[in-house]
Trainee: 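Next up is a structure, given as structure tokens.
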Amino acid sequence: MVLLRQGVRRALLAFLGVVALGTAGGAALAADPPRASAWAAARGPAPGAPHVVGAHGLGCIGGAEAMPESGPGFQMVRLSRNRFWGHPALTAYLRDLGARAQAAGLPALWYGDLGQPRGGPLPWGHASHQIGLDADIWFDLRPKPALTTAQREQIAVASLVRADGMDIDPAQFTPRHVALLRLAAEHPGVDRIFVNPAIKQAICRQQPDAAWLRKLRPWRGHDEHFHVRLRCPPGQGDCHDQAPVPAGTGCDASLDWWFSAEARQPPKPRPPGPAPRMPAACAGILAAP
């Protein structure tokens, strides 16, 4: 039981992208981290070349790039959140995925949250998405007209998973969803993709030996969208990747655990603690004109 709980904790830290950032072998830490609201208040990126600092769940980015509102094979949604910023590697990946999905006969994709203009912690919605290398992509594969900005604020997407969470909903989950996930996962810059455990389980039943399944990582939620995480781009020495994805396809006992009684218990609330300290360089990125 203790080992299982330790495994859950490691999985949580892996999802958040938390890594040690001490002064030895990592970035210095800020003594008094700014609140998430300060990061959300930044309306545009810090000037200069793209510069990622920290980890996916504890960091920031200078020189972020805005994702276009629309393009071949995609539309950005919920633009009012101002979370359409990322490293150029992420925006290039998303443009490429939209074009490849369109070439494969899939309808336009809806892209949701990337990150804030300068990254950093978000006041709500995500623990990660902090360094411009994470993106949410909706599973909705219905034909989509070109929507106005206002129409993109209110979207409703069906879950691909049964209400009990134990399997996919066969009325919603289709081979086209598998094709989309494969397109997303086979890009060399992708580190991992978070999907609902039932979605990974369903694909494991169909093609248990597919090498690309290694990148699909089970996580709660993620039943109407999936979460793509890129590795640190070359030349970003202050960027810290998480530990590598385990070997194998993941169609094994580690996946079975997500359907156990222990895994299905609601997470216990934690007592509030001090905010994690950001890398010191993030103070300059936040304060830049």
Side-chain angles (χ1 to χ4, degrees), residues 45 50 64-117 125-126 128-129 132-160 168 172-196 199-200 202-203 206-207 210-213 215-217 221-231 233:
E65 180 175 271
M67 185 68 189
E69 292 186 9
S70 302
F74 73 87
Q75 297 180 45
M76 294 294 300
V77 299
R78 297 174 177 170
L79 295 162
S80 65
R81 296 182 177 188
N82 199 27
R83 294 178 179 181
F84 46 80
W85 300 86
H87 188 278
L90 179 64
T91 57
Y93 166 81
L94 293 171
R95 290 194 299 269
D96 176 72
L97 178 61
R100 289 189 295 125
Q102 185 179 64
L106 297 175
L109 305 178
W110 274 339
Y111 293 156
D113 288 353
L114 279 60
Q116 299 176 139
H126 305 282
S128 58
H129 290 253
L133 295 173
D134 294 280
D136 288 342
I137 301 174
W138 295 94
F139 275 125
D140 191 307
L141 292 180
R142 296 172 296 178
K144 303 177 183 72
L147 301 179
T148 66
T149 299
Q151 289 171 327
R152 298 182 198 189
E153 292 298 316
Q154 302 293 330
I155 62 170
V157 179
S159 170
L160 302 187
I168 52 96
Q172 299 294 337
F173 185 78
T174 72
R176 297 199 304 167
H177 293 108
V178 180
L180 172 59
L181 285 168
R182 181 170 183 169
L183 281 175
E186 289 188 330
H187 189 283
V190 171
D191 181 50
R192 59 197 76 199
I193 295 176
F194 298 102
V195 298
N196 186 279
I199 294 174
K200 173 145 188 173
I203 304 175
Q206 298 173 13
Q207 37 186 299
W212 65 272
L213 276 175
K215 293 185 180 180
L216 292 194
R217 312 307 301 168
H222 298 87
D223 54 326
E224 71 277 292
H225 77 278
F226 60 98
H227 173 166
V228 174
R229 174 166 293 168
L230 302 189
R231 286 190 294 275

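We count residues from 1, following the sequence as given. We use all heavy atoms of the structure for the numbers below, so side chains are in, but hydrogens, waters and symmetry mates are not.
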Trainee: Rounded to the nearest 0.5 Å, what's the gap from CZ on R192 to CG on L230? Could you check?
Mentor: 12.0 Å
Trainee: Who pairs with H126 by ring pair (Phe, Tyr, Trp, His ring centres under 6.0 Å), at least two apart in sequence or on another chain?
Mentor: H129
Trainee: Please examine the side chains of P145 and Q151, heavy atoms only from C-beta on, and report whether any two atoms are closer than 4.5 Å.
Mentor: no
Trainee: What closest approach, in Å, do Q172 and A158 show between heavy atoms, and which atom pair accounts for it?
Mentor: OE1-CB, 3.7 Å
Trainee: Does F226 have any ring pair (Phe, Tyr, Trp, His ring centres under 6.0 Å) partners at least two apart in sequence or in another chain, and if so, which?
Mentor: F139
Trainee: To the nearest 0.5 Å, how far apart are OG in S159 and CD1 in I199?
Mentor: 7.0 Å
Trainee: Identify, with sequence neighbours excluded, every residue that meets side chain to side chain donor-acceptor pair (under 3.5 Å) alongside R176.
Mentor: none
Trainee: Does any non-hydrogen side-chain atom of V228 lie less than 4.5 Å from one of H187?
Mentor: no
Trainee: Once side chain to side chain donor-acceptor pair (under 3.5 Å) is applied, do any residues pair with N196, and if so which ones, sequence neighbours excluded?
Mentor: none
Trainee: How close do P107 and P143 get, counting heavy atoms only, and between which atoms?
Mentor: CB-CA, 4.0 Å
Trainee: Per the salt bridge (charged side-chain N to carboxylate O under 4.0 Å, His left out) rule, what does the pair list look like for residues 64-79, sequence neighbours excluded?
Mentor: E65-R95
Trainee: The criterion is side chain to side chain donor-acceptor pair (under 3.5 Å); which residues satisfy it with D191, sequence neighbours excluded?
Mentor: none
Trainee: Not counting sequence neighbours, which residues clear salt bridge (Lys or Arg N to Asp or Glu O under 4.0 Å) with D134? List them please.
Mentor: R229
Trainee: Which residues satisfy the side chain to side chain contact (heavy atoms under 4.5 Å, CB included) test with S80, sequence neighbours excluded?
Mentor: E153
Trainee: Distance from Q116 atom CD to W85 atom CH2, nearest 0.5 Å?
Mentor: 12.0 Å
Trainee: Among pairs that include at least one residue of residues 99-112, which meet side chain to side chain donor-acceptor pair (under 3.5 Å), considering only residues two or more places apart or in two chains?
Mentor: D96-R100
Trainee: Check whether any side-chain heavy atom of L181 lies under 4.5 Å from a side-chain heavy atom of W212, and answer yes or no.
Mentor: yes
Trainee: Evaluate side-chain contact (heavy atoms from CB on, under 4.5 Å) for F74 paired with I137, printing each intermediate quantity in order.
Mentor: CA-CA 10 Å; F74 73 87; I137 301 174; over 6 Å; no
Trainee: How would you list, by chain and number, every residue that makes a side chain to side chain donor-acceptor pair (under 3.5 Å) with R182, sequence neighbours excluded?
Mentor: E186
Trainee: One pair to check against side-chain contact (heavy atoms from CB on, under 4.5 Å): L141 and L109. What are the steps and the verdict?
Mentor: CA-CA 7 Å; L141 292 180; L109 305 178; 4.0 Å; yes
Trainee: Determine the minimum heavy-atom distance between N82 and P117, stating which atoms define it.
Mentor: ND2-CG, 3.3 Å
Trainee: Where does the angle between the aromatic ring planes of F173 and H177 fall among parallel (under 30°), tilted (30 to 60°) and perpendicular (over 60°)?
Mentor: parallel
Trainee: To the closest 0.5 Å, what do you measure between CG (L180) and CG (D140)?
Mentor: 11.0 Å
Trainee: Output the distance between atom CZ (R152) and atom NZ (K144), rounded to the nearest 0.5 Å.
Mentor: 11.5 Å
Trainee: What residues form a salt bridge (Lys or Arg N to Asp or Glu O under 4.0 Å) with D136, not counting sequence neighbours?
Mentor: none
Trainee: Can you give me the closest heavy-atom contact between S128 and H227, atom names plus distance?
Mentor: OG-CE1, 3.4 Å
Trainee: Test of understanding: with side chain to side chain contact (heavy atoms under 4.5 Å, CB included), list the residues that count as partners of Q154, not counting sequence neighbours.
Mentor: none
Trainee: Looking only at non-hydrogen atoms, find the nearest pair between L183 and A101 and report the distance.
Mentor: CD1-CA, 3.8 Å
Trainee: What closest approach, in Å, do V190 and A184 show between heavy atoms, and which atom pair accounts for it?
Mentor: CG2-O, 3.3 Å
Trainee: Look up atom CG in L160 and atom NE2 in H222, then write down how far apart they are to the nearest 0.5 Å.
Mentor: 13.0 Å
Trainee: Side chains of W138 and V77: does their closest heavy-atom pair fall under 4.5 Å?
Mentor: yes
